[in-house]
J.: 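Okay, here's the structure, questions in a sec.
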Amino acid sequence: MSEFSIIEHCFKRRFAALGPQNDVCLGIGDDAAVIDRHAFLSAAGAHLVTCVDTLVAGVHFPLPTSPYDIAYKALAVNLSDMAAMGALPRWMTLALTVPEACEIWLNSFSEGLAQIAKRFGVQLVGGDTTQGPLTVTIQLMGTVEADAPYLVRSGACPGQVLCVSGDLGGAALGLQGVVSGDK
């Protein structure tokens with residue numbers, strides 16, 4: 001499969017099926033995305049928040065991990081970063097490097113990505129595909145109201161409540177092959 005057929009068959013159609021992209025003027029399939037400026041400018045104003053994470057096979061997930069789960073995790077780690085900043089996730093780009101263009105693998109991967117994207121209202125607006133060692137990079141962009149306080153790591157003070165999502169150390173245990181019920 002060529003890069004453009006991967007985009008068309010595995011991502012463009014699947015994400016178009018999630019619903020209209022009213023704030024995306026130009027999305028998947030071109031050199032860059034164009035997002036309507038009104039999408040992140042509200043009456044009070046807003047700031048654009050962005051984060052990026054890369055997952056590498058054998059480092060961030062075991063090689064036999066399902067493509068669905070790899071995609072889900074790749075977006076989930078970015079969603080966690082957005083939540084930590086108090087931001088609303090909106091758009092993502094995907095840089096996907098695969099050893100070979102296997103349609104079955106790509107369909108499972110794009111389904112996992114589409115499922116979590118739909119759950120959190122995130123639109124895939126572009127990215128890049130290439131051949132090489134399995135690597136997934138997602139850049140997530142979102143908004144935070146201009147007058148909202150920034151939630152930053154350095155802002156925590158003694159006596160404040162610190163909240164986490166998921167099991168602390170769960171990802172590390174998964175890399176070691178420990179089943180969650182066997183902790």
J.: State, to 0.1 Å, how close Ala57 and Leu63 come at their nearest heavy-atom pair, and which atoms those are.
T.: CB-CD2, 3.4 Å
J.: Atom SG of Cys51 and atom CG of Leu79: how far apart are they, to the nearest 0.5 Å?
T.: 8.0 Å
J.: Indicate the atoms forming the closest heavy-atom contact of Val122 with Trp91, along with that distance.
T.: CG1-C, 4.0 Å
J.: For Asp69, check side chain to side chain donor-acceptor pair (under 3.5 Å) against everything at least two apart and list the hits.
T.: Ser66
J.: Shared ILVMFWY cluster between Leu75 and Leu55, side chains joined below 4.5 angstrom?
T.: yes
J.: Rounded at 0.5 Å granularity, tell me how far CE in Met92 sits from CE in Met82.
T.: 12.0 Å
J.: What distance do Ile138 atom CD1 and Leu96 atom CG have between them, rounded to the nearest 0.5 Å?
T.: 9.0 Å
J.: Under the salt bridge (Lys or Arg N to Asp or Glu O under 4.0 Å) rule, what pairs show up with a residue in residues 104-114, not counting sequence neighbours?
T.: Arg14-Glu111
J.: Identify, with sequence neighbours excluded, every residue that meets side-chain contact (heavy atoms from CB on, under 4.5 Å) alongside Leu88.
T.: Arg90, Thr143
J.: Begin with the C-alpha distance, continue with both residues' side-chain angles, and end with the deciding distance and a verdict on side-chain contact (heavy atoms from CB on, under 4.5 Å) for Phe120 and Asn78.
T.: CA-CA 12 Å; Phe120 290 94; Asn78 281 279; over 6 Å; no
J.: When rounded to the nearest 0.5 angstrom, what is the spacing between CG in Leu113 and CG in Leu106?
T.: 11.5 Å
J.: Is the shortest side-chain heavy-atom distance between Leu140 and Asp81 below 4.5 Å?
T.: no
J.: Hey, what do you get for OG1 (Thr54) to CD (Gln139), rounding to the nearest 0.5 Å?
T.: 10.5 Å
J.: Between Gln131 (side chain) and Pro99 (backbone), is there a donor-acceptor pair under 3.5 Å?
T.: yes
J.: Specify the closest pair of heavy atoms between Val136 and Ala74, including all atoms of both residues, with the distance to one decimal.
T.: CG1-CB, 3.6 Å
J.: Going by side-chain contact (heavy atoms from CB on, under 4.5 Å), name the residues that satisfy it together with Ala95, two or more places apart in sequence or in a different chain.
T.: Thr137
J.: Which heavy-atom pair separates Thr97 from Pro133 by the least distance, and what is that distance?
T.: CG2-O, 3.3 Å
J.: Is there a path of hydrophobic side-chain contacts, each under 4.5 Å between heavy atoms of I, L, V, M, F, W or Y residues, that connects Val77 with Val49?
T.: no
J.: Residues two or more places apart in sequence or in another chain: which of them pass side-chain contact (heavy atoms from CB on, under 4.5 Å) with Ser108?
T.: Pro67, Tyr68
J.: Enter the distance from Thr65:OG1 to Tyr72:OH here, rounded to the nearest 0.5 Å.
T.: 15.5 Å
J.: Please confirm whether the backbone N or O of His60 pairs with a side-chain atom of Lys73, one donor and one acceptor, at under 3.5 Å?
T.: yes
J.: With sequence neighbours left out, write down each residue that passes side-chain contact (heavy atoms from CB on, under 4.5 Å) with Ala76, or none if nothing qualifies.
T.: Ile116
